[in-house]
Amino acid sequence: MSALNELKKRLRPGQVYRRQDLKKWSTAVDRHVRLLVDEGRLKKVSGGVYMAPRKTRYGMAPASAEKLVATFLKDDRFLMVSPSAYNGLGVGTTQLYNEPVVYNLKRHGRFELGGRFYDFRKKPSVPAKLTQEVLLVDLLQNLDRLPEDKAEVLPRALCRAREMNPSRLAKAARDFGSVRAERLVSRALEAA
């Protein structure tokens, strides 16, 4: 079996690969990757990152955003947040956003992966999952970036903070929040 056929056999639809991952199955990785991209079996996502599209009844579908980001970072310790999720907190935000924020331990900046932009923000620690408390802390630390009127959103957010579990909210603010967000949470909990 040729090295190219061996590489084709190893590709899994919906998976994301780094060039170095493909190197172990190919004797001429750059040439083989170029051929596979031309065939449509691989799609270049970013420098040195490729995905194997999966077929659906609607056409070719990309890999999941989580797989793209994990492969790009070479790390699965990240938290992806869409600012659109703030709308679910009931604090008066209504905007829809198309650029997720990726809190992680390695990269900072705006990167395009597979035709979509992601806002990578490096943090010293990242929560394992997105809870309502973490989401509220994230809203408080990004209040200046929102198009809504801060004077209307902030009092509602502080009121919402008083309805949450105080210990989980304080932990989210301490572990994940900015100094400002931590102060705002502290102020909300003292007023409760």
Sidechain N-carboxylate O distance under 4.0 Å for Lys9, Glu6: yes
Quick one: do Glu99 and Arg110 make a salt bridge, cutoff under 4.0 Å? yes
Mind jotting down which residue pairs meet the ring-ring contact (aromatic ring centres under 6.0 Å, His included) criterion with at least one end in residues 44-76? Sequence neighbours excluded, please. Phe72-Phe111, Phe72-Phe120
Pairs flagged by salt bridge (Lys or Arg N to Asp or Glu O under 4.0 Å) wherever residues 78-98 is involved - sequence neighbours left out: none
Of all pairs that satisfy salt bridge (Lys or Arg N to Asp or Glu O under 4.0 Å), the ones with a partner from residues 80-90, not counting sequence neighbours: none
Under 3.5 Å, sequence neighbours excluded: what are the donor-acceptor pairs made by side chains of residues 173-185?
{"unit_1": "Asp175", "atom_1": "OD2", "unit_2": "Lys171", "atom_2": "NZ", "d": "2.5"}
{"unit_1": "Ser178", "atom_1": "OG", "unit_2": "Ala181", "atom_2": "N", "d": "3.2"}
{"unit_1": "Arg180", "atom_1": "NH1", "unit_2": "Asp144", "atom_2": "OD2", "d": "3.4"}

Using modelled atom types only, decide if a donor and an acceptor are shared between the side chain of Tyr17 and the backbone of Arg12 within a distance under 3.5 Å. yes
If every non-hydrogen atom of Val102 is compared with every non-hydrogen atom of Asn104, which pair is closest and at what distance? O-ND2, 3.2 Å
Mind listing the closest non-hydrogen atom pair of Ala63 and Leu68 along with its distance? O-CD1, 4.2 Å
Output side-chain donor-acceptor pairs under 3.5 Å for residues 79-91, partner residues at least two apart or in another chain, one line each.
{"unit_1": "Ser82", "atom_1": "OG", "unit_2": "Ser84", "atom_2": "N", "d": "3.3"}
{"unit_1": "Ser82", "atom_1": "OG", "unit_2": "Ser84", "atom_2": "OG", "d": "3.4"}
{"unit_1": "Ser84", "atom_1": "OG", "unit_2": "Tyr97", "atom_2": "N", "d": "2.7"}
{"unit_1": "Ser84", "atom_1": "OG", "unit_2": "Tyr97", "atom_2": "O", "d": "3.4"}
{"unit_1": "Tyr86", "atom_1": "OH", "unit_2": "Asp138", "atom_2": "OD2", "d": "2.7"}
{"unit_1": "Tyr86", "atom_1": "OH", "unit_2": "Asn142", "atom_2": "ND2", "d": "3.3"}
{"unit_1": "Asn87", "atom_1": "OD1", "unit_2": "Thr93", "atom_2": "OG1", "d": "3.0"}
{"unit_1": "Asn87", "atom_1": "OD1", "unit_2": "Thr94", "atom_2": "N", "d": "3.3"}
{"unit_1": "Asn87", "atom_1": "ND2", "unit_2": "Ser84", "atom_2": "O", "d": "3.3"}
{"unit_1": "Asn87", "atom_1": "ND2", "unit_2": "Gln95", "atom_2": "O", "d": "2.8"}

Evaluate Arg160 against Glu163 for salt bridge (Lys or Arg N to Asp or Glu O under 4.0 Å), listing each step before the verdict. CA-CA 5 Å; Arg160 179 76 171 101; Glu163 298 168 1; 3.6 Å; yes
The criterion is side chain to side chain contact (heavy atoms under 4.5 Å, CB included); which residues satisfy it with [X], sequence neighbours excluded?
X	answer
Asp149	Ala151, Glu152
Gln20	Arg18, Lys74
Ser64	Glu66, Lys67

Among Arg121, Lys122, Arg116, find the residue that satisfies the salt bridge (charged side-chain N to carboxylate O under 4.0 Å, His left out) test when tested with Asp119. Arg121
The criterion is ring pair (Phe, Tyr, Trp, His ring centres under 6.0 Å); which residues satisfy it with Tyr118, sequence neighbours excluded? none
Of all residues at least two apart in sequence or in a different chain, which pass the side-chain hydrogen bond (donor to acceptor under 3.5 Å, both in side chains) check with Glu39? Lys8, Arg41
Which residues share a side-chain hydrogen bond (donor to acceptor under 3.5 Å, both in side chains) with Asn165, sequence neighbours left out: Ser167
Please, which pairs that meet side chain to side chain donor-acceptor pair (under 3.5 Å) have at least one residue in residues 25-38, sequence neighbours excluded? Arg19-Asp30, Ser26-His32
